[in-house]
Amino acid sequence: MEKFKLLQPHSLNEALGMIDGHRSDVRPFSGGTAIMLMMKSGIYSPKTLLSLRNIPDIANIRFDEHDGLCIGASVTLDQLEKSDEVMQHAPVVSHAMKHLANQRVRNVARVGGALAHGDPHMDLPPILVALESKVIASNSGVSREIPLIDFYKGYYETALDPGELIIQIKVPSTHGCHTAYIKSTTRTRDDWPAVGVAVHFSGTSSHVIKSSVILGAISDRPIKLAFLANQIAGLSVSDILELVSMENISKEIEPISDALGSADYKLHLAEVYTRRAIKKAFGLGNVQ
Amino acid sequence: MTNSSSFDSNENSSWIGQSVSKLESVEKVTGTAVYTHHKTLPNMLYGKIFRSTVAHGLIVNIETSLAKSLPGVFGVYTGEDLKKVVAEPYYGPAFSDQPALALGKVRYVGEPVAVVLSHDPHVAESAVKLIEAEYKELDAIFDEVEAQTSNIFVHDELKPSGIFPDLQHLVGRKNTNLALDFHLKKGDPEQVFASAEHVFEHTFKTQPVMHTPLEPIVAVATASSGRMVIYTATQNPSFIRTDIARMLAWSESQVQIVVPFLGGGFGSKLYVKMEALVACLTLLVNLPVKISLSMEEQFYTITKHATTCKIKSAVSADGKILARKCQVWWNGGAYADIGPRVAQKSGFTAAGPYDIEHVDIESMAMYTNLPPAGALRGFGIPQLVWAYESHTDIIARELGLDPVALRSKNLLQEGMKNASGMVMRSAELEKVLARLAAKMNWDADFDTGQGTVLRGRGIGIAFKAVVAPTTSTAIVNVFADGSCAVLTSTVDMGQGSNTVLAQMVAEILTIPIERVRVVFPDTDVTPYDMGTLSSRSTFHMGHAVRLAAEDAKSKIISMAKEAGMQAIWPLLIGDIFKSKYGMQAGTVSGFGSYKPAYVSPDKLTGQSSNIAPFWMVGATGVEISVDTETGHLSIDRLVNVVDCGKVINPDAVNNQLTGATMMQLGFTLFEKMDLDNGQVTNASFADYKICGIKDLLIPIENECIETPQPNAPFGAKGVGESATFCLSPAIANALEHATGVRITSLPMTPEVVFNALNKFKKSNC
């Protein structure tokens, strides 16, 4: 790893100021778990790193009737897992955290970084997209709200402008909804998923009102399956399960072959895991 | 601390068979244990390596001027520079074929070509990126079977080292990639194949994998006044001293090798790795030099042999194996390392632990243009067992015989001669198999699952001969208060050798284990040992420390007699010293040396009446569930039964069996070095995963058949590898039982299993 300078601001304004002043070569990071891998392997050698770890303004979780869960970007995945508010209002997130990487990673990795990194092989993006979350991004004190579904543009590409930071994530309560996230890892259990499926339904198993089924890891960004979102109102879960097929998925997604699996295999896993995730959300059958 | 001047009487307790906690537990848990990575010396330079990007090529030019001009760079050095201080900067245990830095030619992607030295490792790393090399690319050979007939040659001629006399006939051999060709012949298999009722023939393959010790390879060298000290994470300090002294044309007394704790070895830290390079560099620059490899660089340093094994058996209708022929190609990569020894010392067991009258084994160590392969936990045995225990299971199924019964019918028994002609003694094959079958409830009905989840079970049984002939020596220094120091060159890399050796010494001297200090290997201080490998230390070094402790004890008894004191153990040692030296001071040194008897195998037939001093036996059984919708396997039960003789430390044995199982589980299910034209494409922990605690959700059931080994110290023999032998075929056998699908290449990833299930379904439609 090459030498770098480390900036450690203690407030959001200080951080934004430092980034603005050095826009070209200051790289912000929150947990550092992903960026350290890139730096160690030599594929990325930033000259200046800016740590977002010590900024109390973006390190808490609260619930508000209007905005839902408001999660500071610097909240660790471990805090997310153990938060009572998250367990109460978005239990699918709490459950998923238990199987995300390992405790050492969860102790340091943070929500903002997990979203901003833009690596498609992550668990949190498809889940939070399915829950119709929004990120609050800030640049030189000017904030904007971006629906997470519009946030991902491709491999490691997001809607963030240079110098812009995620400061908060708003997650609507899933109270009364049917949600689930399951994933398939093809090497170790704590590996990045080959396919992750997040589902979010409102209505009942005999009469679905609205649905959001998001596939993660399979291609360059989390993808919402249109055939499971449009014109499904009024269908039963078994009708919806009938629609799940490799053919329908492949019309919307072009899986990418990598070390986790070939495109064909991932497409197959996508079908199996989509069906399993839907069943799990409605408590049908015995799903892993 | 006690100041007692007598041996504490321990008459009622024995240290043998006790689960003594590892002596270094507190140091390791509190982070105070010292490793080579901590070592710094005044004015020390850090080296970072520039590596080849081509698999086979002539070096046309190495452009170092940009790197040299980077501020903070001390110097940039190539193989030609090393020759200014060392005429022949080559190393290797079997063949002196590996240059410390490439000379004239590169032979694999990742081969060290140049080194940047700087007082700042980050500067050295930046400078490496400024080096450019130009090569005239040559065609490369990657496949171990093709390497046999290819006209692409990795080396112009074979260069056996002087260390092994039996390789001298290979000196100067040209136009070959065959480093060593081992043959074993017994009876006339071809004639049996021609007339047998059933003949089975299969080919099995294993993939290249890596040891991934969590402490990567590291070495620091410093030299002055005609002496060199190398601090290094090595598994065989005595050997490193010999090979470095040979390379430098120095006497062994001029070279000192110092080894602290190792953070894992598994065979990756055997024989010279970075020691030759830091030795040459420190002579070149007259300053201490340290090279610490990254995890990534380990993938370019040493691997486990990929293999192809063709195996053919003639079997009678009632399941008696009449003849077996095995051809094994070992993909040794560009430099031989210990590969030829793997091919030979493990190759002779390729037909398995069975009584077979007609056997023909050919075991070939091949050079290819891949990273070098060496020893990895099992020394080639897991690759061979993958073939013979898969093959044996297929035979049982095809003949409609029970897999346990078929094995039982053919197993070598006490007093029978094995394929090499040695009479089997104290290898509890039958008991191990019977116990495994009992633990697995083999005769009971088995739930084969339903719907999309199918269940199966499978077993395997194997044996391994400890490497022979090898020597261990030890010194036990007894101090005037009755405590002692044990001097050995056995390396504790986490396996618990320090603790087990201390238990043996404490037992003989009847002192508390806390009063036994095991001294770290230092070739100026600790006497010769062949190496910490092949699960040999408990047996060989166990003998040496036992003899050394007994020698010390008898000297103390003699001193007591001389002083006219009572000479019944335990003795008041302080009084004896006072009587002899006038005060309670001094040292009594005991020395022990052990080398087992051995008969070299016949060159043509591989026959030997005494090929190994002991046999390790390992058997594994699994019950698995297969998710037929995705190809995922889950292990519902995993049982290991081994014969390691008398168990010295039950916890340590259990940990070795568990660790070996987890390691082999990764090699079985998903680990694989991905290679693209010789380039490793997953050389990092981000892309190359190893098993963690969550990858097996059930407890491993380990059991030892505790028959004391008659020729062993306290009846104990090795156990570090026994649980690696059979896991892979046991899982493949269970998969076939569950689904009808047979996998013949490792690893069995979910995708591999899923594709095989689909193919099987189609072929059965």
Side-chain angles (χ1 to χ4, degrees), chain A residues 1-5 33-45 47 98-105 119 121 182-195 246 255 257-276 279 285-288, chain B residues 48 70 72 118 120-129 216 294-297 299 451-453 625 627-634 662 665-666 669-674 676 681-697 747-755 757-758:
Chain A
M1 196 192 307
E2 294 189 28
K3 255 188 181 165
F4 58 88
K5 191 173 153 193
T33 54
I35 205 170
M36 287 306 282
L37 284 178
M38 298 167 105
M39 290 170 67
K40 276 183 175 174
S41 66
I43 58 171
Y44 183 51
S45 303
K47 296 282 176 244
K98 295 188 202 311
H99 304 287
L100 188 153
N102 55 57
Q103 186 65 52
R104 295 185 310 283
V105 167
D119 182 335
H121 295 108
I182 59 169
K183 62 177 168 180
S184 174
T185 61
T186 53
R187 299 180 299 194
T188 51
R189 274 177 213 267
D190 63 4
D191 196 1
W192 287 286
V195 174
M246 279 207 279
S257 292
D258 58 21
L260 302 172
S262 69
D264 284 350
Y265 181 60
K266 285 186 183 180
L267 188 61
H268 171 78
L269 286 179
E271 180 197 325
V272 173
Y273 276 77
T274 298
R275 209 175 276 131
R276 290 180 181 179
K279 286 185 186 170
N286 199 2
V287 184
Q288 62 177 80
Chain B
K48 292 286 175 184
L70 189 75
S118 168
D120 181 337
H122 301 293
V123 169
E125 189 170 330
S126 301
V128 164
K129 293 179 185 160
S294 65
M295 188 57 72
E296 288 73 9
E297 286 180 294
F299 287 86
T452 60
V453 179
S625 296
D627 180 341
T628 56
E629 283 191 303
T630 67
H632 281 86
L633 302 179
S634 68
M662 293 307 286
L665 188 64
L669 296 182
F670 52 82
E671 281 184 54
K672 182 185 185 189
M673 284 171 58
D674 291 323
D676 179 10
T681 58
N682 58 344
S684 78
F685 270 166
D687 297 314
Y688 184 98
K689 295 289 175 182
I690 62 172
C691 278
I693 197 163
K694 287 193 217 156
D695 288 295
L696 194 62
L697 299 174
M748 294 182 266
T749 64
E751 184 167 0
V752 164
V753 172
F754 177 72
N755 288 341
L757 285 165
N758 270 351

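Side chains are part of it too, since the values below use all heavy atoms of this structure and drop only hydrogens, waters and symmetry mates. To find a chain, count down the sequence lines: A is the first, B the second, and so on, and within it residues start at 1. Since we're looking at a predicted model, the values are computed, not measured.
The main-chain N or O of B:G692 is never found under 3.5 Å from a side-chain atom of A:R189 such that the two would form a donor-acceptor pair.
Only the side chain of B:D120 comes within contact range of chain A, judged by heavy atoms closer than 4.5 Å. The contact between B:S126 and chain A is made by backbone and side chain atoms together, counting heavy-atom distances below 4.5 Å. Both the backbone and the side chain of B:D695 come within less than 4.5 Å of a heavy atom of chain A. Neither the backbone nor the side chain of B:K48 comes within less than 4.5 Å of any heavy atom of chain A. In this structure, chain A has no heavy atom under 4.5 Å from any part of B:L665. Heavy atoms closer than 4.5 Å to chain B are found nowhere in A:A34, neither backbone nor side chain.
The CG atom of A:L269 sits 7.5 Å away from atom CZ of B:F754, with the distance rounded to the nearest 0.5 Å. Distance check, rounded to the nearest 0.5 Å: NZ of B:K694 to OG1 of A:T188 gives 9.0 Å. Note that the CG atom of A:L37 and the CG atom of B:D687 stand 9.0 Å from one another [nearest 0.5 Å]. Rounding to the nearest 0.5 Å gives a distance of 7.0 Å between CG of B:N758 and NE2 of A:H268.
Shown here is B:L697, whose CG atom has more than 12 heavy atoms of other residues, nucleotides or ligands within 6.0 Å.
For the pair A:S184 and B:H632, the minimum side-chain heavy-atom distance is below 4.5 Å. A heavy-atom distance below 4.5 Å is not found between the side chains of B:E629 and A:Y273.
The minimum heavy-atom distance between B:K129 and A:S45, with the atom names listed, is NZ-OG, 3.6 Å. Between B:A686 and A:W192 the shortest heavy-atom distance is O-CZ3, 2.9 Å. Between A:E2 and B:E125, the shortest heavy-atom contact is N-OE2, 4.1 Å.
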Subject >> A:S262 vs B:E751, side chain to side chain donor-acceptor pair (under 3.5 Å): CA-CA, chis, key distance, verdict >> reply: CA-CA 8 Å; A:S262 69; B:E751 184 167 0; 2.4 Å; yes
Original post:
side chain to side chain contact (heavy atoms under 4.5 Å, CB included) between A:K40 and B:S684: does it pass, once the steps are laid out?
Top reply: CA-CA 10 Å; A:K40 276 183 175 174; B:S684 78; over 6 Å; no
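Partner B:T630 forms a side chain to side chain contact (heavy atoms under 4.5 Å, CB included) with one of A:V195, A:V272, A:T186 and no other, that one being A:V272.
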